[in-house]
Amino acid sequence: MLPAYVSSAIIYSNLLMLLSIGFTFAYLTAKVPNFAHGANAAIGIYVTFTVVKILGLNPYVALLLVFPICGTISALIYRLVIQPLKKRQAGLVSLSVATIAAEMMIFAAINIYADYMRGMAGQYSRVFLFRKQDFEFMGVPGVLLVSTALAVSIVILLHTMLTKTKFGIATRATVENDDLASTLGIDTELVSLVSWFITGGLAGIAGSLLPLWFQSTPYTGTLILISVFSASVVGGMASIYGAMVGGYLMGLTEVLGTILLMDLVGSWVAPYRPLIPLIAMFIILLRAPEGLVGLAEKIHTRQIRASISGMFTLARGRGSSNV
Amino acid sequence: MIEVQKLDAGYGKIQVLYEVNIVAHPQRITVIVGPNGSGKSTLLKSIMGATTIYSGTIRFDGHDITAGPKHEIAKMGIAYLPQVDSVFTRLTVRENLIMAGYTVEREELEAREQEVLDMFPFLRERMDTKAHTLSGGERQMLAMAMALVRRPRVVMFDEPTAHLAPRIAEQVFDKIIELRDKLNLTILLVEQNALKALEIGDDAYLLVSGRTAYSGPASELLANPELGKMYLGLQ
């Protein structure tokens, strides 16, 4: 049987990776950080709540529902908030503030829903945990297996979509240069809309699995956004592959780092857990603002330059020996 | 044929073009020259629907395309090669060509790719390499190949020889002539190298401060010492 902290670290990293991929992907296509991304995860949490507590079904049934529900909400945010503002040439600040407003509206709606459910269905809906409703396989919690399988298959699916399908290549083209993409006949607005649908769906999946291992509340989505944002920045906002690395690293650092600190200085440090992603983001922004992927590219470029200059030196050496 | 009539256009509240009239006739090279900041690139972008149009009309073969969506204008058969970033550097050459033929059916696209690769044979060996590894001239050729995949009726070039070595620039001009003569395309060419552009052009427009200062045969503008000296640096 795995120690609980190992399960926590792996499950949290899997889910954070899915959220970070979505956050970065939405940013790359629409060039707007979607601060309502955490709210989509919160919707996923409450879909699972509804499936378990109201409908009395297996929590994994929620997985079938969250992708279309959260995807549609995310696409609606793009269509009704981002697109009209972009048409009016709104700047990055206005667009970011608009997504914060969308997040507040969803957050309020979730609170209303939670209170309504408590009053109408008599269910305690503001703090819940569904570990008991999860299955176990050879002592390993089901959510660990499912979240790992989902994280791996989603990464493979996303990579295949982006590199092998025409729409995926069009998405990468739009990310690199949306002006050029549109002059080639690519409907870049449709690309952004579909991307936001996918990213919302991914956030919903991550959110729906959260209550199976972590205590969840209406605030969970808002709080997790700090980690998602930091993971995306650490990975480098220019690449979803960076977000994968950043998400996983941040997830492991946050959970294992908190446990280590609790061992070292005491359990009073636990509520300060959100400081870990913020400090990581702070260090990355100071030392390598382009993120881990950018840093890797920089090192690769340096190596190429070094090998080229080495070739020149060799050639010069040969030249002088001829003389 | 592209007809621009009394076009007032710019970016947001900043107006760049004032009552510009131009006509680009089929199978001819129409050259647009002028000093820096005269609105040459803005004119091409306006035709592509990428600027703010205050008044005036843009017609393509009689259809009004004023401020139409870029992807719709592209579908109608107008290809635009921007001054910079004319290819997707993070995509491979093959992926760039697939994107160029985004609106074309798969089988048809493969046939067109072969035709284009016959015109630009060096691309065959570079199909799976990322476009950022190509030289400036090679990228310009890839951009042309991408335009041709769409079998456009009009190709608009925005300073295709900027930052290229003279020998490579010469090759680009030769290709542009080839597009007119072999593929019967309508060419709109914005170029800083006014002398060379007017030499290969049929019709010419001189833009000065967003207004049309000359319209007529390219050879006449080339021979006009006053305008040439004042605005184009021609001796």
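Chain naming here is simple, since letters A, B, ... match the order of the sequence lines and numbering starts at 1 in each. Heavy atoms only: backbone and side chains are in, while hydrogens, waters and symmetry mates are out.
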Using heavy-atom distances under 4.5 Å, tell me whether [X] contacts chain A through its side chain, its backbone, both, or neither.
{"X": "B/Arg90", "result": "both"}
{"X": "B/Ile73", "result": "neither"}
{"X": "B/Val84", "result": "neither"}
{"X": "B/Val149", "result": "neither"}
{"X": "B/Met99", "result": "both"}

Of the non-hydrogen atoms in [X] and [Y], which two are nearest, and what is the gap between them?
{"X": "B/Ala74", "Y": "A/Ser182", "result": "CB-O, 4.3 Å"}
{"X": "B/Val104", "Y": "A/Lys166", "result": "O-NZ, 3.3 Å"}
{"X": "A/Asp179", "Y": "B/Lys70", "result": "OD1-NZ, 2.6 Å"}

For side chain to side chain contact (heavy atoms under 4.5 Å, CB included), just list the numbers for B/Tyr102 and A/Ile186, CA-CA rounded to whole Å, side-chain angles, deciding distance to a tenth of an Å, and then say yes or no. CA-CA 7 Å; B/Tyr102 190 74; A/Ile186 297 168; 3.6 Å; yes
What residue in B/Leu91, B/Val87, B/Ile78, B/Leu81 has the most heavy-atom pairs under 4.5 Å with chain A? B/Leu91
Out of B/Ile98, B/Thr92, B/Asp85, return the one with the most heavy atom pairs under 4.5 angstrom to chain A. B/Asp85
A/Leu184 vs B/Arg150, test: side chain to side chain contact (heavy atoms under 4.5 Å, CB included). Steps then yes/no. CA-CA 8 Å; A/Leu184 295 177; B/Arg150 277 143 51 213; 2.9 Å; yes
To the nearest 0.5 Å, tell me how far B/Asn96 CG sits from A/Ile169 CD1. 10.0 Å
A/Lys164 NZ to B/Glu95 CD distance, which is reported to the nearest 0.5 Å: 8.5 Å
